[in-house]
Amino acid sequence: QVQLVESGGGLVQAGGSLRLSCAASRQTFSSYTMAWFRQAPGKEREFVAGMTRRSAVPKYGDSVKGRFTISRDNAKSTLYVQMNNLKPEDTAVYYCAADTSILFSSAAASYDYWGQGTQVTVSS
């Protein structure tokens with residue numbers, strides 16, 4: 001089992017930037033497909049960005065393409081997402097997730113491990 005701990009959330013004005021980090025507890029971090037999801041109040045959990053274990057072409061949700069960049073440092077067992085040009089509609093709790101499957105999926109149900117989430121609030 002792997003434990004995931006997110007950090008870096010906070011309050012930012014529209015147009016600003018934040019970088020979220022997700023630290024994994026296991027040395028086998030490099031074997032997991034990793035992703036970021038988010039969930040706003042009253043809405044379903046939404047795929048934000050994902051990256052396979054070999055850091056192949058990253059995948060992004062349509063609403064964040066061109067603004068968010070996902071990356072991973074397997075040596076540090078850490079996943080990141082750089083969020084630029086933030087908008088009020090980006091306000092949500094952001095979750096890090098790990099998938100043991102070798103096939104990439106943007107479906108939340110495919111992910112086996114989840115962090116506790118970090119709040120991102122974007123003011124207008």
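Note that SG of Cys96 and CD of Glu6 are 5.5 Å apart. Values are rounded to the nearest 0.5 Å. Here the CD1-CE distance, from Ile70 to Met34, works out to 8.0 Å after rounding to the nearest 0.5 Å. Residue Ser17 holds its OG atom at 9.5 Å from CZ of Phe68, rounded to the nearest 0.5 Å. In this structure, Ser101 OG and Tyr111 OH are separated by 9.0 Å, a value rounded to the nearest 0.5 Å.
Within the cation-pi definition used here (under 6.0 Å to the ring centroid, within 45° of the axis), Arg38 does not qualify as a partner of Tyr95. Both tests do not hold together for Arg72 against Tyr80: distance to the six-membered ring centre under 6.0 Å, angle to the ring axis within 45°.
Asn85 and Asp90 make their closest contact through O-OD2, 4.4 Å (heavy atoms, listed as atom of the first residue, atom of the second, distance). Between Met51 and Phe104, the closest heavy-atom pair is N-CE1, 4.0 Å. Closest approach of Leu4 and Ala24 over heavy atoms only: CD2-CB, 3.8 Å.
Neither Val81 nor Phe37 shares a network with the other; the hydrophobic side chains, linked directly or stepwise wherever heavy atoms of I, L, V, M, F, W or Y lie under 4.5 Å apart, form separate groups for each. Under the 4.5 Å side-chain heavy-atom criterion for ILVMFWY residues, a single connected hydrophobic cluster contains both Leu20 and Val12. When the side chains of ILVMFWY residues are joined at heavy-atom separations under 4.5 Å, either directly or via intervening members, Val48 and Val93 end up in two distinct hydrophobic clusters.
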Tell me, with the steps shown, if Asp112 and Thr100 meet side chain to side chain donor-acceptor pair (under 3.5 Å). CA-CA 7 Å; Asp112 304 291; Thr100 57; 2.9 Å; yes
Determine whether Tyr32 and Asp99 satisfy the following criterion, side-chain contact (heavy atoms from CB on, under 4.5 Å), listing intermediate values before the conclusion. CA-CA 6 Å; Tyr32 295 105; Asp99 182 2; over 6 Å; no
Decide yes or no on side-chain contact (heavy atoms from CB on, under 4.5 Å) for Gln1 and Ser25, but give the supporting numbers first. CA-CA 9 Å; Gln1 187 169 354; Ser25 64; over 6 Å; no
